[in-house]
Amino acid sequence: MRVLVSGVTSDLGRVFARAAAGAGHELIGVGDQAHPDLPPEVAFTAGDAATAESLVAGTDVVVHLSPVEREVPGSGGIPALRRLATAAARHGILFVAPIAHGPDAADADKVVRDSGPRHVVIRTAPLGGRLLDWQACRTAATLLTAPKDTPWRLLHHDDLVRFLLHAITGERVGVVALAAQDVVFAGAAREVLRGVSARGIPAHPAMSTSDRKGSARDWGFECGWSSADVLADLARGARGRKLTKNGAVASAVRLPIPVHVPPRRRQPEDGTALTSVSLPSMAVEMDDRIDPRYPVFAAQQTAELFPGPLTPLSIDVHTAGLRAAGRTLAEVLGLPAAVADEWASRGHAVFGHHLYAGVSALAAAPPPGWHEDTVTDQLIGPRADADLFPDERPAKRGIVTRLGAWVRFAGMARRYRTSVRDFAAAAVAERVEDVTTLSDGALVVRAQLLRDRLGEGWTLTRLGQFVAYFLGAPLRKRAKADIAALGRGVDIEHEPVYPAVTELAELLRADDDLRGLAEWGDIDAVRQKSPEFGAAFDAVLARIGHRGPCETELSGVPFGQRPELVFTAALSASRRPEPEPPAAPEPPVEKETEDTADDTAEPVTSEEDTPEPARETPVKAKRTVLERLAIAGRRQRDVAVDATVRYTDELRAVVREWGGRQVRAGRLVDVDDAFYLTLDELLSPPADALRRIERRRADGERLRKVRMPAVVTGSWRPEAAVDPVPEGKQLYGIGVSPGVAEGLVRVLADDKADVEPGEIAVVRVADAGRVALFGPAAAIVTDFGGPLSRAAVVARELGIPCVTGARDAAARLAPGTLVRVDGTTGDVLVLAPAPMTAH
């Protein structure tokens, strides 16, 4: 359907345009001036009502989103409404206009009817929600100033957009009253909005809360948000923002929930052409194009959180969150326009369904405490030789700009712990345990809220990375000379999965009969024999059930749905001998007197009296104040990651439930089809949804056979097959846990892999699923990672050697290869090749 949208660059207009484009409509937009957040699918024309009137011919429907209220930004008033309604009548086109509750509503309603088009006039209740445009700010002012006993019905922006999509494809016309069914009282609203200031913002006039003829239910539509929920979401959006009569303004040092996300396909504002970086045979629809001025991308920083190929839905949702994070941090750091645009649009990019971080973009304007060498060392590796800026090196920021960035960055860092704590608490408190009980409308708006929450989570995560790295500089410097400085004990608090598995392993290790029963793999039998183990197992699942292999992939299956993975990991860890306690100190020898001293006498001891040498156990390293602050920053960053994964797990449940409903409605063939659409496409499936799914599935199947490069430098091609490391040769990585161990290689290529005691665990990247299997390993080797990666932290806790950043280890070390791992130097030496049967 060809849709003309007036006021398309307003807050409401951009949200509607994104939803309508996802639903497959062809959009023509008119607004005062172009906006960088406008979806690229919109054919935009800058102009006024006369411009919009000239574009009416040839469209199927006109959606008039320009405000009619006087003294409102972007208002065309009643004259613009009349011109467009008259033009729609002249061409026989449907005219749709939401009329906000206010003094001009009755006049606007009459103007549309008198102009004579087929029309849908939506008389909206006061709008609210986290999208704090001028209408939502006016709603907040109304609730804060109205008499306490005044009842109000509210309407969420999400429900208005949903109804607009419903109206432009429906057959019914006329006037409809759109509002949530319940009411809120102004007095109770003030408690929810405590701390919100709406000074100087005009309020809405009083409204009737009785059921009116022509309600949305008569049109077969039900709001997904109740008035109480609208109010709560308004308070959620107001955190970190200042309300004004023209809309909310974000604070320079606070982190509000993102509501506007830069489009993936957005062109640079200076007009630079984007280029494809893949071979024509490898190019797929979900690939990003890049700005040739910032050509280098690497998987080092993203591999642990996004270890494998992503489905289109995961690409859409997570990259939206990362773009929102890039925009927020670019504003805080005061980046130059071109660099800020790169951070917001392509700070992360997708190639071959894998997520990469923009090295050139970060190096162009490093955050406080970083410099270009820091960026390449962290994102590429210490042997980096990529040309980050082949055209022209970006100009450095002036001293005033950098000082301002330091001040804002310090302000955000000071509030970081509180922001993370609130976000983590919300992830638990807001969770809907049984999404099957939600109505269709409630399910749709829930998915939209979770998408914005993920944007908030990735913003906190990226800020935490910067804070932890800046504060951790002294620790990294000391560790380069003495790897033992990394120590153990404290860092393991960052990793939620390993301690949980260890707790269960200790229960099995303490009871030989129970462990023998567990070897049969029957969880229910173990539960029946040991209620204590059953209770501990349930508690562990409640704690880490949202984590698991490829936990950021929405089509993945977390531990909560595959508890056997946790059980297997615990059983495997229980096979590792429990470390012996250190030997007791020898009793002090009494000083002999001259009368009893005998210089020739030797102490008499027996073999039974000679204590065995104690097994060496790792010792906690002493931390300086700055190092402890760095550890705390890292801990808060991982709390943010855990909460983000918790929101991801809930969105996963929502998507599966919605996908099932679409299958029953005949719009999808299989529930898993849902993961091959973007979120907007899924919530309002376009007419060609099945063709899109088929095409993207084929792309995914083809890309699963491709070995992606670790670094993309202006182009990428599949990495060629590599030969096994021959006997006597070695791989080089980064030593992150001291010690030397020899053993046979066990490559952890899937979730069902198991490690036997004494084996060397080799893995491309240690995500939450793989790290649970490390218990019995004699040493750990990973392709990606660093000193504070999951593998490194767990290895130090186990007291075993670990080498990270070995790049091709998982591909070049065949299962069964005998190797020696030196966790101090980072060397992995092949002592004997694997038997042919292992190949």
Side-chain angles (χ1 to χ4, degrees), residues 1-31 34-46 52 55 58-66 93-94 96 98 131 133 157-170 258-267 274 285-289 312-321 323-324 344-345 350 444-445 447-448 451-452 455 655 658 662 667-668 674-693 695-696:
M1 183 172 289
R2 191 174 171 86
V3 182
L4 173 64
V5 184
S6 66
V8 73
T9 54
S10 66
D11 289 331
L12 177 61
R14 301 197 305 277
V15 172
F16 171 72
R18 183 175 68 181
H25 298 296
E26 181 183 355
L27 297 176
I28 303 169
V30 178
H35 196 287
D37 290 348
L38 195 63
E41 296 87 350
V42 178
F44 176 75
T45 301
L55 298 173
T59 60
D60 300 305
V61 59
V62 175
V63 179
H64 184 60
L65 298 182
S66 296
I93 294 170
L94 177 66
V96 179
L131 180 67
D133 61 356
H157 291 91
D158 291 347
D159 284 323
L160 175 56
V161 170
R162 287 178 55 238
F163 189 81
L164 289 170
L165 293 176
H166 177 80
I168 64 177
T169 56
V259 291
H260 289 301
V261 179
R264 285 188 69 227
R265 310 293 185 181
R266 186 173 80 173
Q267 294 289 325
L274 300 180
E285 178 188 356
M286 303 306 293
D287 266 2
D288 281 311
R289 294 176 177 268
L313 181 62
S314 299
I315 291 172
D316 175 55
V317 170
H318 290 307
T319 57
R323 292 196 305 277
S345 303
V350 174
V444 169
V445 300
Q448 293 168 330
R451 173 172 54 188
D452 289 348
V655 168
W658 181 252
Q662 297 307 298
R667 300 186 186 95
L668 299 180
F675 301 106
Y676 292 88
L677 296 171
T678 67
L679 189 62
D680 289 315
E681 292 171 346
L682 175 62
L683 299 181
S684 297
D688 64 341
L690 295 180
R691 287 198 298 273
R692 299 187 190 194
I693 293 168
R695 181 176 67 249
R696 293 169 187 172

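The figures that follow rest on heavy atoms only: side chains count, while hydrogens, waters and symmetry mates do not. As the structure is a computational prediction, the values presented were derived from the model and not from experiment.
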**Request:** Using the side-chain contact (heavy atoms from CB on, under 4.5 Å) rule, take Val3 and Ile28 through it: C-alpha gap first, then chi angles, then the decisive distance, then the call.
**Result:** CA-CA 6 Å; Val3 182; Ile28 303 169; over 6 Å; no
Looking at every heavy atom in both [X] and [Y], which two are closest together, and how far apart are they?
| X | Y | value |
| --- | --- | --- |
| Ala19 | Val161 | CB-CG1, 3.8 Å |
| Gly29 | Val42 | N-CG1, 3.7 Å |
| Val655 | Ala674 | CG1-CB, 3.8 Å |
| Pro262 | Ala324 | CD-N, 4.5 Å |
| Leu4 | Ala52 | CD2-O, 3.5 Å |
| Pro39 | Pro263 | CA-CG, 4.2 Å |

Measure the spacing between [atom1] of [X] and [atom2] of [Y] and express it to the nearest 0.5 Å.
| X | Y | atom1 | atom2 | value |
| --- | --- | --- | --- | --- |
| Leu313 | His318 | CG | NE2 | 8.5 Å |
| Tyr676 | Leu668 | OH | CG | 13.0 Å |
| Thr678 | Asp316 | OG1 | CG | 5.0 Å |
| Leu12 | Leu164 | CG | CG | 7.0 Å |
| Arg289 | Asp287 | CZ | CG | 9.0 Å |
| Leu679 | Ser314 | CG | OG | 11.0 Å |

Would you confirm whether [X], through its side chain, and [Y], through its main-chain N or O, come within 3.5 Å as a donor-acceptor pair?
| X | Y | answer |
| --- | --- | --- |
| Thr169 | Leu165 | yes |
| Ser10 | Gly7 | yes |
| Asp60 | Arg2 | yes |
| Trp658 | Val444 | no |

**Request:** Could you tell me which residues satisfy ring pair (Phe, Tyr, Trp, His ring centres under 6.0 Å) with His25, sequence neighbours excluded, listed by chain and number?
**Result:**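 Once residues adjacent in sequence are excluded, His25 has no partner under the ring pair (Phe, Tyr, Trp, His ring centres under 6.0 Å) criterion.
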Within a strict 4.5 Å, meaning less than it, do heavy atoms of the [X] and [Y] side chains meet?
| X | Y | answer |
| --- | --- | --- |
| Leu65 | Val8 | no |
| Val30 | Val5 | no |
| Val96 | Val61 | yes |
| Val15 | Leu131 | yes |

**Item:** Pairs where residues 258-267 contributes a residue and the test side chain to side chain donor-acceptor pair (under 3.5 Å) is met, not counting sequence neighbours
**Value:**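 For residues 258-267: Asp11-His260, Arg14-His260, Arg264-Asp288, Arg266-Asp341, Arg266-Ser345.
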**Message:** Could you walk me through whether Leu690 and Asp688 satisfy the side-chain contact (heavy atoms from CB on, under 4.5 Å) test, starting with their C-alpha distance in whole Å, then the side-chain angles of each, then the deciding distance to 0.1 Å, before giving a yes or no?
**Reply:** CA-CA 6 Å; Leu690 295 180; Asp688 64 341; over 6 Å; no
**Prompt:** What residues, two or more places apart in sequence or in another chain, satisfy side-chain contact (heavy atoms from CB on, under 4.5 Å) together with Asp158?
**Reply:**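 With sequence neighbours excluded, Asp158 shows a side-chain contact (heavy atoms from CB on, under 4.5 Å) to Arg130, His156, Trp225, Val445, Gln448, given in chain and number order.
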